[in-house]
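Okay, handing you the structure first.
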There are 2 protein chains.
Amino acid sequence: MKNSIKVERAKKNITQAELAKLAKVSRQTINAMELGKYVPSTVLALRLAQIFDVEISEIFTLEDSDWV
Amino acid sequence: MKNSIKVERAKKNITQAELAKLAKVSRQTINAMELGKYVPSTVLALRLAQIFDVEISEIFTLEDSDWV
DNA sequence: ACTATTTGACAAATAAACTTTACATTTAGT
DNA sequence: ACTAAATGTAAAGTTTATTTGTCAAATAGT
């Protein structure tokens, strides 16, 4: 699963720490997520979409490997 | 988090077992999800949206309690 | 160059998602 | 009423998300 959180964050011009606060998660969670180290829960994904005011599909996209 | 998987499934007229196969999870996972017993992972949520050909936000909606 | 801020990274712990197996209950068809 | 299919439920186990704490590396401002 790919995500464009870093890009959305850049658009809003906020730091990982600030986004973490808005999304109510730890900064490490945002960081690891941006680096593709793991996939956020659906609740967090929905929160982020709401924060960035975009559809989830605009931020998160499935890859072929996600269907194995 | 609420979801309308049961409704989407009804639209397609398929059983939990059939959806489970399409989404590549166990039938119990679909069942528990429909009953609100737990929230699917983002990967599974994206898979379901793709299967039903709708936006994730059409299936999954945040509730106030998801922001606590 | 110095300093502060931001980001990347790791480890240990907890919580939550998901699987498998198995059984009970409900629903629909005949 | 009988039967088969579909759905609900539960326990035990595995995997993955998330937290907290901590430190190193990179970036930006002065």
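Convention: sequence-line order gives letters A, B, ...; per-chain numbering from 1. Hydrogens, waters and symmetry mates play no part in the numbers below; they use all other heavy atoms, side chains included.
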**Request:** For A:Lys12 and A:Leu19, indicate whether the former's side chain and the latter's backbone hold a donor-acceptor pair under 3.5 Å.
**Result:** no
**Request:** Return yes if some donor-acceptor pair links the side-chain N/O of A:Asp66 with the main-chain N/O of A:Met1 below 3.5 Å, else return no.
**Result:** yes
**Complete:** Between CD1 of B:Ile30 and C1' of D:dA6 the distance, given in whole Å, is 14 Å
**Side-chain donor/acceptor of A:Gln28 to base of C:dT7, under 3.5 Å** = no
**Message:** Side chain of B:Val39, heavy atoms from C-beta onward: which of C:dA17, D:dA10, D:dC23 has the nearest atom to it?
**Reply:** C:dA17
**Complete:** Between CD of B:Glu34 and C1' of D:dT9 the distance, given in whole Å, is 14 Å
**Prompt:** For A:Lys6 and C:dT6, is the shortest distance between a side-chain N/O and OP1 or OP2 below 4.0 Å?
**Reply:** no
**Asked** Got a donor-acceptor contact below 3.5 angstrom from the B:Lys24 side chain to the A:Trp67 backbone?
**Response** yes
**Closest to the B:Tyr38 side chain, choosing from D:dT7, D:dT18, C:dC18** = C:dC18
**Message:** I need the CD-C1' distance between A:Glu18 and C:dT6, as an integer number of Å.
**Reply:** 10 Å
**Prompt:** Is any side-chain nitrogen or oxygen of B:Ser41 closer than 4.0 Å to OP1 or OP2 of D:dA17?
**Reply:** no
**Asked** Hey, does B:Ser26 reach any base, or is it just sugar-phosphate, or nothing, if we go heavy atoms under 4.0 Å?
**Response** base
**Message:** Just the rounded figure in Å: distance from P of C:dC18 to CG of B:Asn31.
**Reply:** 14 Å
**Euclidean distance, atom CG of residue B:Leu19 to atom P of D:dT7 [Å, nearest integer]** = 10 Å
**Item:** d(CZ, B:Phe60; C1', C:dA17) in whole Å
**Value:** 13 Å
**Asked** Is the backbone of A:Val39 close enough, under 3.5 Å, to the side chain of B:Thr42 for a donor and an acceptor to pair up by distance?
**Response** no
**Request:** Could you tell me whether A:Thr29 contacts a base, only the sugar-phosphate backbone, or nothing, with contacts defined as non-hydrogen atoms closer than 4.0 Å?
**Result:** base
**Message:** Determine whether a donor-acceptor pair (one donor, one acceptor, N or O, separation below 3.5 Å) exists between the side chain of A:Arg27 and the base of D:dG21.
**Reply:** no
**Message:** Strictly below 4.0 Å: does B:Gln16 bring a side-chain N or O up to OP1 or OP2 of D:dG8?
**Reply:** yes
**Option from A:Lys21, A:Glu18, A:Lys6, A:Gln16 for which side-chain contact (heavy atoms from CB on, under 4.5 Å) with A:Ile30 holds** = A:Gln16
**Message:** In whole Å, I'd like the distance from the CG atom of B:Asn13 to the P atom of D:dA6.
**Reply:** 11 Å
**Message:** Can you measure A:Met33 atom CE to C:dA9 atom P for me and round it to whole angstrom units?
**Reply:** 15 Å
